[in-house]
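Taking it in order: structure first as structure tokens, then the write-up.
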Amino acid sequence: MAGSDTTDRASAGRPSPDTVKILIAGGFGVGKTTMVGSVSEIAPLRTEEPLTMAGLDVDDLDGVEQKRATTVAMDFGRITVSDDLVLYLFGTPGQQRFWFMWNDLALGALGAVVLVDVRRPKSSFAAIDFFERRGIPFVVAANGFHGEHPYPAEDIREALTLPEGVPVLLCDARERESSRDVLIALIDRLIAQAAPAR
């Protein structure tokens with residue numbers, strides 16, 4: 001039976017890699033589960049449940065009428081960036097009735113990706129506010145549904161009233177390379193912010 005990567009490293013006398021907790025957040029139906037699944041090197045943990053008639057009065061399906069399931073706790077994935085760095089990805093639930101879990105999920109997180117659906121930008125305002133209030137660095141990724149990006153990054157920045165220091169990227173959450181590039185932009189921001197502290 002093969003040992004774990006950590007066990008193999010320890011037996012080889014190599015230090016374990018640094019691990020970084022990253023949140024993937026945003027409104028309902030913006031592509032958080034899709035992003036975690038597209039970039040994770042392991043089979044992602046998903047806590048999706050079917051949408052039911054009982055939730056019609058509390059779930060806002062405006063703009064995502066075809067959605068059939070929703071995350072009720074979190075998504076989890078992992079990506080190895082290098083021999084020295086592993087990211088643990090936690091996708092937050094998007095519906096307002098599950099937002100009470102965000103505080104617990106944010107514990108120990110070094111940064112976040114806020115996914116935005118430009119067809120429904122208001123759905124991501126709460127996530128932006130959440131990270132701004134807690135001082136958690138984040139990047140904004142506009143998820144191009146059907147591979148389309150109708151607005152440039154600067155227009156999205158203006159619509160969301162984001163400060164200049166917050167990177168805005170265009171992405172396709174279905175594509176591994178695109179999701180990876182968003183995470184790299186976040187890591188670059190974390191490194192840049194940590195540099196003055198050194």
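These numbers were taken from a predicted model, which means no experiment stands behind them. Both backbone and side-chain heavy atoms feed into the values below; hydrogens, waters and symmetry mates do not.
One finds the CD1 atom of I22 at 5.5 Å from the CG atom of L190 (value rounded to the nearest 0.5 Å). To the nearest 0.5 Å, the span separating CG on D83 from OG on S16 amounts to 12.0 Å. Atoms CD and CD, from E154 and E164 in turn, are 6.0 Å apart once rounded to the nearest 0.5 Å. K32 contributes atom NZ, which lies 10.5 Å from atom CD1 of I24 (distance to the nearest 0.5 angstrom). In this structure, I79 CD1 and S179 OG are separated by 8.5 Å, a value rounded to the nearest 0.5 Å.
With L183 as the partner, the side chain to side chain contact (heavy atoms under 4.5 Å, CB included) test is satisfied by one option alone out of V81, L89, D188: L89.
Side-chain heavy atoms closer than 4.5 Å link hydrophobic residues (I, L, V, M, F, W, Y) into clusters, and following such links, possibly through other members, connects L85 to L110. Put simply, V118 and F125 are part of the same group of oily side chains (I, L, V, M, F, W, Y) that touch within less than 4.5 Å, one to the next. In terms of hydrophobic clustering, with Ile, Leu, Val, Met, Phe, Trp and Tyr side chains grouped at heavy-atom distances under 4.5 Å, L107 and W102 are assigned to different clusters.
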Open item on the list: I'd like to know whether E41 forms a side chain to side chain donor-acceptor pair (under 3.5 Å) with T80, so could you lay out the CA-CA distance, the side-chain angles of the two residues, the decisive distance to 0.1 Å, and finally the verdict.
Closed with: CA-CA 8 Å; E41 66 194 26; T80 301; 2.8 Å; yes

Open item on the list: Test side chain to side chain contact (heavy atoms under 4.5 Å, CB included) on I187 and L87; report intermediate values, then the result.
Closed with: CA-CA 10 Å; I187 294 301; L87 304 184; 3.7 Å; yes

Open item on the list: Under the criterion side chain to side chain contact (heavy atoms under 4.5 Å, CB included), I'd like the reasoning laid out for V39 against D181: C-alpha separation, chi angles, the key distance, then a yes or no.
Closed with: CA-CA 10 Å; V39 78; D181 289 347; over 6 Å; no

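Side-chain N or O atoms of S123 include one that pairs as donor or acceptor with a backbone N or O of R120 at under 3.5 Å. The backbone N or O of P163 lies less than 3.5 Å from a partner atom in the side chain of R157, making a donor-acceptor pair.
Nearest approach of V114 to A127, heavy atoms of both residues: CG1-CB, 4.0 Å. Contact record, T92 with A25: OG1-CA, 3.3 Å, taken as the closest heavy-atom pair. Closest of all the heavy-atom pairs between L105 and P93 is CD1-CD, 3.9 Å. S38 and A173 get closest at one heavy-atom pair: OG-O, 2.9 Å. The shortest non-hydrogen separation linking G77 to V36 is N-CG1, 3.7 Å. A pairwise comparison of heavy atoms in C171 and L115 identifies SG-CD2, 4.0 Å as the closest pair.
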Using distance only, find each side-chain donor-acceptor pair of residues 128-142 under 3.5 Å and give its atom names and separation, not counting sequence neighbours.
residue: D129; atom: OD1; partner: R133; partner atom: NE; Å: 3.1
residue: D129; atom: OD2; partner: R133; partner atom: NE; Å: 2.8
residue: R134; atom: NE; partner: N103; partner atom: OD1; Å: 3.2
residue: R134; atom: NH1; partner: F130; partner atom: O; Å: 3.1
residue: R134; atom: NH2; partner: N103; partner atom: OD1; Å: 3.0

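Between N143 and D117 there is no side-chain heavy-atom pair separated by less than 4.5 Å. The side-chain heavy atoms of R189 and V166, taken from C-beta on, include a pair separated by under 4.5 Å. A 4.5 Å side-chain heavy-atom check between V116 and V30 finds every atom pair outside the cut-off. Using a 4.5 Å cut-off on side-chain heavy atoms (C-beta onward), I156 and L162 make no contact.
Defined by atom type and a distance below 3.5 Å, a donor-acceptor pair is missing between the side-chain atoms of D172 and S178.
Remark: I42 engages S40, F76, R78 in a side chain to side chain contact (heavy atoms under 4.5 Å, CB included) (not counting sequence neighbours).
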